[in-house]
Student: 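To start, I am sharing the structure in question, which I have written as structure tokens.
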Protein chains: 4
Amino acid sequence: VHQTPIRVRFDEVDTMGVVHHPRYLVYFEVARTEYLRDLGLAYADVMHTGTHFAVVEAGARYLRPARYDDELSVSTRVSHCGGARFTLEYEVRRADELLATGFTLLGAVDTSGRPVRLPHAARELLAGAVPGPAAAPAAEE
Amino acid sequence: VHQTPIRVRFDEVDTMGVVHHPRYLVYFEVARTEYLRDLGLAYADVMHTGTHFAVVEAGARYLRPARYDDELSVSTRVSHCGGARFTLEYEVRRADELLATGFTLLGAVDTSGRPVRLPHAARELLAGAVPGPAAAPAAEE
Amino acid sequence: VHQTPIRVRFDEVDTMGVVHHPRYLVYFEVARTEYLRDLGLAYADVMHTGTHFAVVEAGARYLRPARYDDELSVSTRVSHCGGARFTLEYEVRRADELLATGFTLLGAVDTSGRPVRLPHAARELLAGAVPGPAAAPAAEE
Amino acid sequence: VHQTPIRVRFDEVDTMGVVHHPRYLVYFEVARTEYLRDLGLAYADVMHTGTHFAVVEAGARYLRPARYDDELSVSTRVSHCGGARFTLEYEVRRADELLATGFTLLGAVDTSGRPVRLPHAARELLAGAVPGPAAAPAAEE
């Protein structure tokens, strides 16, 4: 499981003094960038090859609030990888306290936004990172 | 079903030229504010009474991209209302084209963030807006 | 002077309950889009011709705070137009109360970000909108 | 001069592939938080005492664009400190390349937003950080 540290910025906090809920999807994205870089898939490089990862579905559960200047840690893991799509799951913690969980289903698209299959190397890396018996790349999505 | 018009702003579009996915949760919130105002529940007034509606869970499915300067319409409806929580569902369209759907589960909290029951008037209005046989306020959540 | 109405969104307000200062630059941009559209220069169309307006310099003075759900009005006027750059000035009001002022100096660039001269039609429209004796297009910037 | 590293996030980049200009004011704010913490003025602590630093004026000049995933460094210094207000200046670099400069004039306010004098300790720290002969705290603003 990959950990990305995030310090809560002032502009991320709402009038209740807590991190505004859409911002968690941005935190997931920051964590995703670092996770993919760590796997060997720097997203800036992936985009240069003409493949983008579009968010097809996203969700979050908010358990406890985060506040300005909190030091958070976002853990990221890939839970599924098919031929054209993969799912990442996230947990946001402040020290040992779980604040939020979430997921994003991502699909490979070309520069026009049309769905394409995942580049072979990306799929190998992502499928290899799926924990347990699910790690074998599926023949079909 | 309530409709809120939203014009896509330049800062809401990413490097692919499409609206960045977390922004839809902001669009839902804008639509929610207008929907609640229309129901008789101006959120600025609700907050002055010491009750806030915290987002407990949120999700979105992204079907087709929206682009800079697009004129979108967000439809909002309440699909469930319990004693302390209610669920709103959203659909984002450009003309007749469905671009995204989503939901938020909201819970009443006090100014310290502690869960409380929905104010009676709010619950009457929200439960009354649930379509069909589900409209009767449940005795318990 | 062109007026753009803006309703303050919940995510634009900080922990003090007031609109977060960088957001005014976004309000200026929203007002700029509407102002240019009104002049006959829809920015989405300008971009399709390969010219972009890059912000070269921006500034704001914050006089009084704006709050959640406030109905604001942003007035926009072009104060200078040279061969490659133009300056817009903004005033943000809530009813008659002046909340903030600001400006942006914009420069025409091509899709690679290189400075170019303003397209002739754009310059005619912008220079024609400069009030008073300054309205005559300058021979040189 | 204090340095704050900032990695450009995907949501901070516009459709031209460059960091959206209002975001620099957020970068300045992130750098300001780290700078003040380093001076001994953690802003979260300052706010707990009932004093806030409101932005009275802000400005930026954009020299060269920053892009997704760039590693930036923001240098911050205090250039003036009066009895109730102080000015910070910022420079944003990618390696040795200067991308943008800016400033914010900040004023101490109470929780109602009314101007107040800077807390004595804050003023000592800020005035002590002004470079050169200007370092002596002025008798009056």
Side-chain angles (χ1 to χ4, degrees), chain A residues 11-33 43-44 46-48 50-67 85 87-90 92 99-116, chain B residues 11-33 43-44 46-48 50-67 85 87-90 92 99-116:
Chain A
D11 75 301
E12 300 174 342
V13 169
D14 70 16
T15 195
M16 287 286 282
V18 305
V19 173
H20 190 229
H21 69 281
R23 184 62 55 169
Y24 285 81
L25 270 58
V26 176
Y27 290 171
F28 296 164
E29 189 171 65
V30 170
R32 181 160 67 244
T33 293
Y43 187 48
V46 173
M47 285 198 295
H48 282 134
T51 299
H52 294 248
F53 297 153
V55 176
V56 176
E57 192 175 339
R61 285 171 188 262
Y62 306 94
L63 309 174
R64 288 180 188 81
R67 297 179 186 282
R85 294 177 165 193
T87 303
L88 297 180
E89 296 184 358
Y90 313 90
V92 182
L99 304 186
T101 63
F103 77 94
T104 47
L105 171 61
L106 294 133
V109 295
D110 63 19
T111 51
S112 313
R114 271 186 298 262
V116 294
Chain B
D11 75 301
E12 299 174 343
V13 169
D14 70 16
T15 195
M16 286 286 281
V18 305
V19 173
H20 190 228
H21 70 280
R23 185 60 56 169
Y24 285 81
L25 269 59
V26 176
Y27 290 171
F28 296 165
E29 189 170 65
V30 170
R32 180 161 67 245
T33 293
Y43 188 48
V46 173
M47 285 198 295
H48 283 135
T51 300
H52 294 248
F53 297 152
V55 177
V56 177
E57 192 174 339
R61 286 172 187 260
Y62 305 94
L63 309 175
R64 287 179 189 82
R67 296 179 187 282
R85 294 177 166 194
T87 302
L88 297 179
E89 296 183 358
Y90 313 89
V92 182
L99 304 186
T101 63
F103 77 94
T104 48
L105 170 62
L106 295 131
V109 297
D110 63 19
T111 51
S112 313
R114 271 186 298 261
V116 295

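This structure is a prediction, so every number in the text was calculated from the model and none was measured. In what follows, chains are A, B, ... by sequence order, proteins preceding strands, each numbered from 1.
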Student: Around atom CZ of B:R61, are there more than 12 heavy atoms of other residues, nucleotides or ligands at under 6.0 Å?
Tutor: no
Student: Show the atom names and distances, to 0.1 Å, of all donor-acceptor pairs under 3.5 Å that link a side chain in residues 16-27 of chain B to residues at least two apart or in another chain.
Tutor:
unit_1 : atom_1 : unit_2 : atom_2 : d
B:H20  : NE2    : A:E29  : OE1    : 2.8
B:H20  : NE2    : A:E29  : OE2    : 3.0
B:Y27  : OH     : B:E12  : OE1    : 2.5

Student: Among residues 102-110 of chain B, which ones touch chain A with a heavy-atom distance under 4.5 Å?
Tutor: B:V109, B:D110
Student: Look at B:A100, B:A58, B:G113 and state which one has the largest set of heavy-atom pairs under 4.5 Å with chain A.
Tutor: B:A58
Student: Find the distance between NE2 (B:H52) and CG (A:D14) and round it off to the nearest 0.5 Å.
Tutor: 9.0 Å
Student: Do B:V56 and A:Y62 touch side chain to side chain, with heavy atoms closer than 4.5 Å?
Tutor: no
Student: At a heavy-atom separation under 4.5 Å, does A:T101 approach chain B through its side chain, its backbone, both, or neither?
Tutor: neither
